[in-house]
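Note: hydrogens, waters and symmetry copies are ignored here, and every other heavy atom, side chains too, is used. In listed order, ligands and their atoms are each counted from 1.
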Amino acid sequence: MNNIRQYQVPLQKYMALTELQERNERLFYKLLIDNVEELLPIVYTPTVGEACQKFGSIFRRPQGLYISLKEKGKVLEVLKNWPERTVQVIVVTDGERILGLGDLGCQGMGIPVGKLALYTALGGVRPSACLPITIDVGTNNKQLLEDEFYIGLRQKRTTGKEYADLLDEFMSAVKQNYGEKVLIQFEDFANHNAFQLLEKYRRTHLVFNDDIQGTAAVVLAGVVAALRLVGGSLSEHKFLFLGAGEAGTGIAELIALEISKKTKTPVEETRKKIWLVDSKGLIVSSRKDSLQQFKKPWAHEHEPIDNLLDAVKAIKPTVLIGSSGVGRTFTKEVIEAVSSFNEKPLILALSNPTSQSECTAEEAYTWSKGRAIFASGSPFDPVEYNGKVYVPGQSNNAYIFPGFGLGLVISGAIRVHDDMLLAASESLAGEVTEEYFEKGLIYPPFSNIRKISAHIAANVAAKAYELGLATRLPRPENLVKYAESCMYSPVYRNYR
Ligand SMILES: NC(=O)C1=CN([C@@H]2O[C@H](COP(=O)(O)OP(=O)(O)OC[C@H]3O[C@@H](n4cnc5c(N)ncnc54)[C@H](OP(=O)(O)O)[C@@H]3O)[C@@H](O)[C@H]2O)C=CC1
Ligand SMILES: CC(=O)C(=O)O
Ligand SMILES: [Mg+2]
């Protein structure tokens, strides 16, 4: 840590940690686990975003497996080149929507590598059982195509049948090589592929889309926890999203599902509490014909509104959620408006990395005159306002996916079910105790994450057994203890 702390520039810390991960993996994980709050912003958002942007020029050795269009017809052979035979979790991207930074092509590899480092450090999945994969179908990022250090295919993205065929070959090869119980986590695909891939493979493979499903579980947990501060039940709140893509509609759907289950109301009804704004304005029924499939359920009756501020004034949400990938969109006027009709507005600025956050923590607290309950996708330091210190929480799927994946792995689950997401979410919400509420936090600190992950894993595994989706039989009696016993720890053996 002393060495890492010598570096002033976060990207240099990232590079030093990458070298450490390659040189002494056990020490890397020991550092990460013991200093999780300090190192998370380096191996994960925001620094991992910068690392992906500059990936070509900081590249040393491949840390994951690249599968390119050139390998069409040979994907199984390529998979067999990976030296580990037992793989439990794959995180795969095609690099088209890296955080809120857009299409970074092959340079998106930093994301699967970073996510899997968290699978090990936060969720205890053995490093050797983690496989980062980037599928290289080209990039539409002109700057990268012209960059002499770009490491990927120098061509525009392929789409349509060629794309679908490569993905299909990949999905079959993974199952053939690693069996039915390997978890495939889709990460940072653009939404025009993400929803289709999830829909296509969720009945045949153990697949999980972190941006749609993991984000949904973490946000639902934060909102449920926040209700203890704000008051009211979930069904009494009104939600407005800026951004109606994977994160926005994924969260909206899980909230609607939870309200539906709690109030025994059809989900078609509970969706009416939730409104979304996209780049064209409020999603309303008059736009229905031109909307992408995943937005259609959110097209409620309302006159068209083309901007967020007017939507806030018209809808009067109690919860405002940013999932647009565009920074500084929660302006002073927007935050003042939402604070004018809420004693304690709940404001979540989910977009990553920090540069894309809809507002800063300081802006949220200052413009709401210290009344906002605020959390963000990338971390912000505590803020002092009017002599009081406010500690913003981090609303990031990193709270969910490591424990969620561990739960699937230890139960030998063969499919993901929405009820497992609700189970993970409930478990996380239950970890927020009074001492955190007093600081305004709606998530527990990451320093407790391994314990939290073990509880999430146990809850998810319990649900897998209940649903008949678990294959590890008999069911362990104490699932928390069992989860803990399965977790990798970076300790050295004692030799006599
Ligand atoms: N905190 C967390 O754990 C997570 C955070 N994220 C972050 O959320 C962001 C979005 O991700 P994701 O949902 O996958 O992305 P998508 O591309 O799927 O969705 C983005 C949405 O934002 C809308 N949008 C874009 N620009 C504007 C604008 N100027 N005004 C209003 N709406 C706009 C888009 O509109 P249109 O449809 O019209 O193009 C689209 O609906 C990213 O920054 C990502 O890092 C994602 C997952 C997890
Ligand atoms: C956190 C995450 O998954 C994202 O920003 O895409
Ligand atoms: Mg993501």
Q) Which ligand 2 atoms are under 4.0 Å away from a heavy-atom of Asp211? A) 2 (C), 3 (O), 4 (C), 6 (O)
Q. Among all protein non-hydrogen atoms, which one is nearest to atom 23 (C) of ligand 1, and what is the separation to 0.1 Å?
A. Gly243 CA, 3.8 Å
(Q) With respect to Asn396, determine whether any N or O atom, backbone or side chain, lies less than 3.5 Å from an N or O atom of ligand 2. (A) no
Q | Protein contact of atom 3 (O) of ligand 1 - nearest heavy atom, named by residue and atom, plus distance | A | Asn397 N, 2.9 Å
Q) Going by the order shown, which atoms of ligand 2 are within less than 4.0 Å of some heavy atom of Lys115? A) 1 (C), 2 (C), 3 (O)
Q: Check ligand 2 against Tyr44 and write out every atom of the ligand that is under 4.0 Å from a heavy-atom position of the residue.
A: 1 (C)
Q. With the threshold set at 4.0 Å, does a side-chain nitrogen-carboxylate oxygen contact exist between Lys261 and Asp418?
A. no
Q) How wide is the angle at the Mg ion (ligand 3) between OD1 of Asp188 and OD1 of Asp211, to the nearest 10°? A) 100°
Q.
Give the atom numbers and elements of ligand 2 that come within less than 4.0 Å of a heavy atom of Leu99.
A. 4 (C), 5 (O), 6 (O)
Q.
Heavy-atom distances under 4.0 Å decide this one: backbone, side chain, both or neither, for Ala398 against ligand 1?
A. neither
Q.
Can you report which non-hydrogen protein atom sits closest to atom 26 (N) of ligand 1, along with the distance?
A. Val326 CG2, 3.3 Å
Q) Going by the atom numbers of ligand 2, which of them fall below 4.0 Å from some non-hydrogen atom of Arg97? A) 6 (O)
(Q) Tell me the protein heavy atom at minimum distance from atom 5 (O) of ligand 2, and give that distance in Å. (A) Asn352 ND2, 2.8 Å
Q.
I'd like to check which ligand 2 atoms, numbered from 1 as shown, lie under 4.0 Å from a non-hydrogen atom of Glu187.
A. 3 (O)
Q | Gln356, portion touching ligand 1 at heavy-atom distance under 4.0 Å | A | neither
Q.
Just to be sure I read this right, does ligand 1 sit under 4.0 Å from the backbone of Leu242, its side chain, both, or neither, counting only heavy atoms?
A. side chain
